Each structure stands twice: as structure tokens, then as C-alpha cells.
Amino acid sequence: MDWLKIKDAAQAPVGTRCTLKGWVRTRRDSKAGLSFIDLNDGTAFQGLQVVAKSDLPNYESEILHLGTGCAIEAEGELVESKGKGQSVELQASAVRVVGLVDDPDTYPASAKRHTFEYLREQAHLRVRTNTFGAVARVRHALAVGIHRFFDERDFFYVHTPIITASDAEGAGEMFRVSTLDMHNPARTPEGEVDYNKDFFGREANLTVSGQLNVETYCCALSRVYTFGPTFRAENSNTSRHLAEFWMIEPEIAFADLNDDAQLAEDMLKYLFDDLLTRRADDMAFFNERIEPGLIDRLKHVIEKPFRRLPYTEAVEILKNAKKSFEFPVEWGSDLQSEHERYLTEEHFKQPVVVINYPKKIKAFYMRLNDAGTDGAPEETVAAMDILVPGIGEIVGGSQREERLDVLDRRIEEMGLIKDDYWWYRDLRRYGTVPHAGFGLGFERLIQFCTGMQNIRDVIPFPRAPRQADF
RNA sequence: UCCCCGAUAGCUCAAUGGUAGAGCGAGCGGCUGUUAACCGCUAGGUUGUAGGUUCGAGUCCUACUCGGGGAGCCA
């Protein structure tokens with residue numbers, strides 16, 4: 001008898017004979033001499049109801065003891081359901097127990113409402129719940145959608161290194177990678193730790209961004225992207241930060257900031273549309289139980305062009321806002337969370353692309369704008385942040401400085417060491433081209449698409465300060 | 001890392017400084033083509049950890065750990 005995934009069985013014609021395998025969500029008994037088993041195998045949001053009659057040989061001995069979490073195989077025939085709530089169900093000719101639950105009283109994913117905080121401590125079992133199963137499928141759909149989006153547009157997927165010996169990234173605190181004996185490391189004659197004796201012969205860390213590496217491939221393959229794990233050792237304790245997260249970083253050659261912002265906008269819209277189509281079941285759940293209005297909000301985002309505005313103009317809007325902010329707004333200072341939220345949630349009520357930030361608050365590799373761009377009082381760089389309601393910054397990107405002399409000046413101004421960037425500078429010496437790229441936080445994208453409030457609930461096993469269980 | 005709040009049964013929460021309770025879940029029984037079912041019974045506790053104040057601490061004080069909200073850093 002064919003083993004069907006529940007997602008397929010739900011679509012199969014009445015009369016189909018098949019086997020289903022999965023985990024019991026609930027069991028309900030009827031005195032009419034039958035039991036109803038909600039079976040879920042994770043292939044779709046909806047499970048399938050298995051009807052087990054009392055004339056099955058193991059009805060008393062096993063079926064009546066099945067509870068939440070038990071693994072079973074059921075074979076039988078798909079029939080039209082006599083009850084409400086489902087169109088088809090499996091009339092079981094046999095139910096085999098595969099794995100029982102030791103102690104139903106302490107089974108952490110019991111059939112009751114649990115808080116996300118509690119389930120986070122049961123990360124190995126939480127995916128058996130409606131919410132986390134849906135998050136897992138949405139996460140997958142978005143990941144696949146990202147690769148498809150880029151593939152359809154002739155981007156190449158580049159595997160940038162996880163371990164970086166360059167200490168030149170400057171995007172945040174880094175995790176050290178070392179094989180030295182922590183208690184008794186090799187030392188130089190001066191008494192310093194001797195990284196010459198370390199595995200790589202120098203200091204090494206986990207990557208905080210694949211950008212610098214992917215720029216090299218961009219300047220040969222034209223359109224590339226990375227999509228991999230990223231590590232920040234910041235002591236950040238918020239609902240939108242992780243120590244280990246996944247980031248998508250496209251990089252496009254012969255392109256400027258406008259091309260970059262357009263790419264990001266096209267990509268986000270493609271992904272939202274793709275998700276609403278491919279995971280309609282899970283999205284309906286998020287729309288109903290997690291964030292009412294979610295689907296309309298995503299459709300609204302798909303339909304309207306993102307609002308693009310210069311930093312200088314954003315500051316003006318904030319200064320003229322009737323709202324009183326905890327932190328004052330001044331040209332030259334970075335936008336605070338409350339400012340970003342005001343722009344995207346209250347003033348424009350849609351995704352906002354802020355471009356051309358003051359150079360002094362941005363990274364060295366961002367392209368210097370001509371003086372007076374947007375009427376700015378000081379120098380700006382071709383940077384852009386995409387702000388979305390509820391999340392804040394979801395994308396950060398820029399056009400890269402392709403002029404060697406300007407780049408060198410910026411490196412110097414920021415007190416960095418030119419030689420550390422020798423290969424990055426080489427790109428500007430040998431056939432340099434205007435190019436641009438951005439970083440999209442994958443978990444923040446999932447948060448935005450699902451309405452899940454805490455970033456630790458959209459990654460299977462979250463890593464955060466003092467949290468690396470599982 | 002900073003500010004605020006919290007930690008009591010498997011889970012969610014009550015309990016004036018004076019005998020630790022309820023709902024849900026779980027087990028058993030009743031009822032029912034059931035589906036967030038419903039009714040009854042039963043079990044279930046070193047009140048986060050370590051100190052302190054007090055005749056007496058779940059309750060007050062201190063430290064620590066963990067969680068939540070906000071901030072910073074950012075994606």
C-alpha cells in the first residue's frame with residue numbers, strides 16, 4: 001500500500017487506499033465504537049483525521065492509549081468525512097504504533113496552549129506545534145524562493161568563508177576561532193598571546209559579513225549573492241538580534257544605489273507574493289492567530305512602490321513631526337529606533353527606503369556622494385536602509401566606493417590599516433566598476449512575513465548571549 | 001551592557017508577614033461522528049538559586065541565574 005504524505009492524501013480522490021505516517025495531535029473517542037485521531041506529519045499545516053473503529057484488533061490495547069506526540073502508521077481508505085471540519089478522512093483498516101510517549105503528564109508539547117517563551121526551552125519538540133511547524137515551512141519556502149529569485153535573474157550563489165582571518169570587517173564584535181590552549185596559550189617573548197602558533201598562523205574569527213569576499217566574485221561574475229550563517233558577538237538582548245543568524249547579501253556590478261534599492265524592493269515583493277501562493281495554509285494561520293491583517297499588509301506592500309527618501313529629508317520630517325521623541329533628531333546623528341518606527345509605521349505607513357546618509361555614521365566602503373547631494377549640509381555616502389513596520393531595519397546596503405583614491409582616503413580617515421585591505425583595494429586597481437549590494441536579515445524577513453514577535457522563534461535553535469542550548 | 005517588570009503544580013496564573021489554591025494539561029470513569037468538546041473523580045509542590053531580617057517568609061532585604069518589555073549595537 002502506498003505511503004502518502006498527508007499533504008498529498010488531503011488532495012487524493014476518495015477511494016484511494018494508502019498508508020499515512022505521522023504523530024498524533026489529539027485523540028477523541030466516541031461511544032459509537034470509534035476513535036478519531038488527528039494525525040500530522042508536518043508536510044502541511046493541516047493534518048488528516050484517522051477514524052479507527054473498535055473492531056480493530058489493537059483498539060483496546062493500543063489505540064485507546066494513544067495520546068499527543070505518539071508516532072503511528074495508519075493504513076486504510078480515504079473516505080468522505082461524515083463529520084464537519086474536514087472533507088476527507090482515513091477509514092483505518094490497521095493502526096500500528098511506532099513510538100509511544102513515555103509520560104504523557106510531562107510531555108512538553110501537550111495539547112494545550114503554551115507560551116512561546118516556554119516552548120523556546122523545548123526547542124527540540126516545539127516544531128511539533130502548529131505555530132513552529134508553520135514557521136519551519138515558511139522559513140524553507142523563503143529560503144528556496146530566494147535562490148529561485150536570484151537564479152531567474154542570472155545571479156550566482158557564492159559560498160563565502162565562515163572563518164575569516166581578515167580582521168578587517170569592522171561590522172561588529174567577532175567570535176574568535178582558535179585551537180590554542182586557552183589556559184596556557186603559546187606566547188611571544190614579550191608575553192603576548194602568539195597567534196603565529198595558532199591554527200591559521202594569525203587571528204581568526206567567524207564571519208560577520210560575506211560582503212567583502214562576495215565583492216570579488218561580483219567583479220567577475222557581474223551578479224552574485226551569498227546566503228549563509230553570520231555571527232555577531234555583540235551582547236545584544238532584543239527580540240530582533242541573534243548571535244548566529246542567516247544573511248542574504250547580493251552584489252551587483254555596473255550598478256548604482258538606485259539599482260541596489262530596486263533590487264531589494266523587487267526581491268522582497270517577489271518573496272512575499274511567492275510565499276502567499278506557496279504557503280497559503282501556513283499564512284492563513286499566521287493571519288488568523290498570530291497577527292490579524294498580516295496577509296492584507298503583505299499584499300499592500302506588494303502593490304505599492306516603496307517610499308524612497310533621502311536621509312536629509314527624513315530628518316526634516318522627523319523635526320516637523322508633532323510627536324515628541326526621547327532622543328532629539330539632528331542632521332548627522334543616526335536615526336534611533338523610535339525615529340525609524342515613526343517614519344515607516346506612522347508617517348508613511350509602508351516600507352521606507354532611506355538613502356544617502358552622513359558619511360561619518362557609515363562604513364568606509366560606502367561610496368562618497370558629490371557635495372550637496374539632496375541639499376545635505378555635510379558629506380554623505382550612497383547608503384540605503386529599508387525600514388519596515390514592526391521590525392525596523394530589514395535591509396542595509398550601499399553603493400561601494402570604486403575609486404581607489406577616495407577609498408584610501410576613507411580608510412585613512414577611519415583609522416584603518418590600508419594593507420589589511422590589499423585584496424579589496426586590488427579590485428579598484430584592476431578593472432574597477434561601480435557596484436552595489438545589500439544585506440538582508442533572513443530571520444527579520446521571516447518575522448515580517450509571519451508576524452512572529454521574537455526573532456528567537458523563527459530560527460530552529462537560537463543562539464544569543466548565554467543561550468546555546470540544543 | 002543599561003532601565004523597568006517578573007519567576008509558585010507538567011503549563012498559565014491566584015494566595016493582607018500566619019493551614020499553598022484554581023483553570024488547562026495528564027490518568028480513570030460517564031456522555032457524544034468527535035474535532036479549542038462537555039460532566040465527574042484522582043494524582044500532582046524543597047514557591048528559580050544562595051544568603052539575610054523575623055516568633056513565623058511564597059510574601060520583606062541582598063546577590064546571582066533565567067525570562068519579558070524598552071534602549072544601545074545592527075541584519
Side-chain angles (χ1 to χ4, degrees), chain A residues 25-39 46-53 64-65 67-69 79-86 89 91 101-122 125 129-130 170-173 208-211 229-249 264 289 325-327 334-341 361-363 385-388 391-397 438-448 453-456 459 464-467 469:
Chain A
R25 282 291 174 82
T26 59
R27 188 197 83 241
R28 296 174 294 277
D29 306 317
S30 168
K31 263 298 169 295
L34 65 168
S35 290
F36 303 95
I37 300 166
D38 271 345
L39 194 65
Q46 284 292 344
L48 203 87
Q49 177 162 280
V50 174
V51 181
K53 291 195 166 162
L64 283 182
H65 299 289
T68 308
V79 298
E80 269 183 51
S81 178
K82 292 178 202 161
K84 296 170 191 157
Q86 60 280 318
E89 61 196 18
Q91 188 73 52
V101 167
D102 271 358
D103 180 5
D105 191 36
T106 60
Y107 179 57
S110 61
K112 72 175 293 292
R113 287 176 62 168
H114 292 288
T115 59
F116 293 151
E117 292 78 23
Y118 168 71
L119 287 171
R120 209 174 293 148
E121 296 167 2
Q122 311 293 337
L125 297 171
T129 65
N130 281 337
E173 290 297 311
V208 294
S209 164
Q211 181 202 317
T230 309
F231 306 88
R232 304 269 167 95
E234 306 286 350
N235 194 0
S236 298
N237 281 292
T238 81
S239 58
R240 56 189 191 284
H241 287 88
L242 289 166
E244 177 183 280
F245 63 101
W246 288 64
M247 187 157 63
I248 299 102
E249 295 177 284
R289 293 296 177 91
F325 296 110
E326 187 185 346
F327 296 95
D334 216 347
L335 300 181
Q336 304 288 318
S337 280
E338 57 175 343
H339 304 143
E340 297 182 343
R341 297 182 77 115
I361 58 171
K362 290 291 182 182
D385 283 354
I386 299 184
L387 314 175
V388 296
I391 309 289
E393 185 180 344
I394 196 170
V395 164
F438 63 82
L440 167 66
F442 187 47
E443 285 75 17
R444 288 185 185 177
L445 174 70
I446 300 169
Q447 281 188 277
F448 186 70
Q453 303 250 309
N454 196 310
I455 200 167
R456 299 176 191 197
I459 188 167
R466 307 192 67 83
Q467 185 179 16
D469 297 331

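These numbers were taken from a predicted model, which means no experiment stands behind them. What's counted below: heavy atoms across the whole structure, side chains too, no hydrogens, waters or symmetry copies. Each chain gets a letter, A, B and so on, in the order its sequence line appears, and its residues count up from 1.
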By side-chain contact (heavy atoms from CB on, under 4.5 Å), A:Gln86 pairs with (sequence neighbours left out) A:Gln49, A:Ser81, A:Glu89

What do you reckon, do A:Phe442 and the base of B:A75 stack, with centroid distance below 5.5 Å and planes below 30°?
no

Per atom distances to the A:Arg240 side chain, the nearest of B:A26, B:U1, B:A71 is B:A71

In whole angstroms, the gap separating P of B:C73 from CD of A:Glu338 amounts to 12 Å

Sorted by chain and residue number, the ring pair (Phe, Tyr, Trp, His ring centres under 6.0 Å) partners of A:Phe327 (sequence neighbours excluded) come out as none

Check: When only distance counts, do a donor and an acceptor, one from the side chain of A:Gln86 and one from the base of B:U34, lie under 3.5 Å apart?
Finding: yes

- Short question: side chain of A:Glu249, backbone of A:Gly439 - any donor-acceptor pair under 3.5 Å? no

Quiz item: Looking only at atom C1', what distance separates B:G52 and B:G69, rounded to whole Å?
Solution: 31 Å

(message) Between B:A9 and B:U54, how far apart are the two P atoms, rounded to whole Å?
(response) 30 Å

Those residues at least two apart in sequence (or on a different chain) that pass salt bridge (charged side-chain N to carboxylate O under 4.0 Å, His left out) with A:Arg456 are none

A:Asp103 CG to B:G25 P, in whole Å, measures 17 Å

5'-most contact on RNA chain B (nearest-nucleotide basis), A:Pro104 vs A:Glu80, goes to A:Pro104

Residue set satisfying salt bridge (charged side-chain N to carboxylate O under 4.0 Å, His left out) with A:Arg240, at least two apart, ordered chain then number -> none

- Using atom C1' of each nucleotide, how far apart are B:G10 and B:G51 to the nearest Å? 30 Å

A:Arg289 atom CZ is separated from B:A36 atom P, nearest whole Å, by 9 Å

Side-chain atoms of A:Gln336 come closest, of B:A75, B:A71, B:G33, to B:A71

Separation of B:C74 atom C1' from A:Asp385 atom CG, nearest Å, is 10 Å

By side-chain contact (heavy atoms from CB on, under 4.5 Å), A:Arg25 pairs with (sequence neighbours left out) A:Asp38, A:Asn40, A:Asn130

Against the side chain of A:Arg232, the closest entry in B:G67, B:C74, B:C73 is B:C74

To the nearest angstrom, the CD1-P distance between A:Ile386 and B:C74 comes to 18 Å

Measure distances between side-chain N and O atoms of A:Arg120 and base N and O atoms of B:C66, and say whether any donor-acceptor pair falls under 3.5 Å.
no

What's A:Leu445 touching, base or sugar-phosphate or nothing? Going by heavy atoms closer than 4.0 Å. nothing

Check: Using a cut-off of less than 4.0 Å, is there contact between a side-chain N or O of A:Asn235 and OP1 or OP2 of B:C73?
Finding: no

Out of B:G68, B:C74, B:G33, minimum distance to the side chain of A:Gln49 belongs to B:G33

- Interatomic distance at C1', B:G68 relative to B:U12, whole Å: 15 Å

Discussion item. Taking CD in A:Gln467 as the centre, count heavy atoms belonging to other residues, nucleotides or ligands within less than 6.0 Å. Is the count above 12?
Written reply: yes

All heavy atoms of A:Glu443 vs all of A:Trp246, minimum pair found to be OE1-N, 3.0 Å

To the nearest angstrom, the CG-C1' distance between A:Asp102 and B:A26 comes to 14 Å

Per nearest nucleotide of RNA chain B, the residue lying toward the 5' end, A:Asp38 or A:Val395, is A:Asp38

Tell whether A:Glu89 reaches the base of B:G33 with its side chain through a donor-acceptor pair below 3.5 angstrom. yes

Rounded P spacing from B:U46 to B:C38 in Å
30 Å

Work out how far the C1' atom of B:A22 is from that of B:A15, and round it to whole angstrom.
11 Å

*Using a 4.0 Å heavy-atom cut-off across all strands, classify A:Asn237 as base, sugar-phosphate, or nothing.*
base

Requested in this report: For A:Thr238, answer base if it contacts any base atom (sugar-phosphate contacts may also be present), sugar-phosphate if it contacts only those atoms, and nothing otherwise; contact means non-hydrogen atoms under 4.0 Å.
Outcome: base

A:His339 atom NE2 is separated from B:C73 atom P, nearest whole Å, by 12 Å

**Message:** Does B:G72 have OP1 or OP2 under 4.0 Å away from a side-chain N or O of A:Ser337?
**Reply:** yes

Please state the C1' separation for the pair B:C5 and B:A36 - nearest whole angstrom. 31 Å

Heavy-atom nearest pair, A:Ser209 first then A:Met247, reads CA-CE, 4.1 Å

From the candidates B:U32, B:G72, B:G33, the one with an atom nearest any side-chain atom of A:Gln91 is B:G33

Across all chains, not counting sequence neighbours, the side-chain contact (heavy atoms from CB on, under 4.5 Å) partners of A:Ser239 are A:Asn454

Taken to the nearest whole Å, CE/A:Met247 to C1'/B:C73 is 14 Å

Closest of B:A26, B:G67, B:C66 to the A:Thr68 side chain is B:A26

Testing B:U32, B:C73, B:A26 for proximity to the side chain of A:Lys31, the answer is B:U32

Sequence neighbours excluded, the answer for ring pair (Phe, Tyr, Trp, His ring centres under 6.0 Å) partners of A:Phe448 is A:Phe272

### Message
For the P atoms, the ones on B:G58 and on B:C2, what distance do you get once it is rounded to whole angstrom?
### Response
31 Å

Name the pairs: protein N/O against N/O of nucleotides 9-15 of chain B, kept only if under 3.5 Å.
| from | atom 1 | to | atom 2 | distance (Å) |
| --- | --- | --- | --- | --- |
| B:C11 | O2' | A:Lys112 | NZ | 3.2 |
| B:C11 | O2 | A:Lys112 | NZ | 3.1 |
| B:U12 | OP1 | A:Thr115 | OG1 | 3.2 |

Note: A:Thr68 and A:Thr26 closest approach over all heavy atoms is OG1-CA, 4.5 Å

Read 5' to 3' with Watson-Crick or G-U pairs under 3.5 Å, [ ] for crossing pairs and | for partners on another strand, RNA chain B gives (((((((..((((....[..)))).(((((.......))))).....(((((..]....))))))))))))....

